[in-house]
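Reviewing the structure listed below.
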Amino acid sequence: AFVSNNNGVARKSSQLQMTILSAGGKKADFKEGSPLKNACAKLGVKPKYSCKKGDCGSCTVSVGGSRIKACVGKVPPMPRLKSLQEKGLEVKG
């Protein structure tokens with residue numbers, strides 16, 4: 001998101017968008033767009049990493065019902081449903 005300052009120049013908003021992810025009873029906030037492999041490690045989810053380029057798909061995890069390759073994937077934006085915002089997106093390896 002961009003905001004305008006007094007001079008009319010657009011600059012990037014400093015407000016960070018956070019997403020709550022949960023796995024195995026653990027919950028944590030992650031910056032939207034941050035590497036999913038780091039989020040998995042913090043939550044204790046251990047996907048298999050083979051190619052580390054996203055080609056093989058062995059590291060695929062389910063995040064809120066969507067399949068994402070953990071080695072190259074990013075933390076998705078916060079869902080719009082309030083119930084999911086409070087509970088967090090479930091990560092399954």
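Below, each value reflects all heavy atoms present in this structure, side chains not excepted, and no hydrogens, waters or symmetry copies.
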Side-chain donor-acceptor contacts of residues 60-74 below 3.5 Å, not counting sequence neighbours, with atom names and distances?
{"residue": "T60", "atom": "OG1", "partner": "G57", "partner atom": "O", "Å": "2.8"}
{"residue": "K69", "atom": "NZ", "partner": "G54", "partner atom": "O", "Å": "2.8"}

If you take all heavy atoms of [X] and [Y], which pair is closest and at what distance?
X   : Y   : result
F30 : S34 : CB-OG, 4.2 Å
E32 : T19 : CB-OG1, 4.2 Å
M78 : M18 : CB-O, 3.7 Å
P76 : L89 : CG-CD1, 3.9 Å

Which distance, rounded to the nearest 0.5 Å, do you find between the CG of L36 and the CG of L21?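 One gets 7.0 Å once the value is rounded to the nearest 0.5 Å.
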Only counting residues at least two apart or in another chain, list the ones meeting side chain to side chain donor-acceptor pair (under 3.5 Å) with E90.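 Testing E90 for side chain to side chain donor-acceptor pair (under 3.5 Å), a comparison that skips the adjacent residues, returns S22.
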Ignoring hydrogens and angles, write down the donor-acceptor pairs under 3.5 Å from the side chains of residues 37-53, residues two or more places apart or on other chains.
{"residue": "S50", "atom": "OG", "partner": "S58", "partner atom": "OG", "Å": "3.3"}

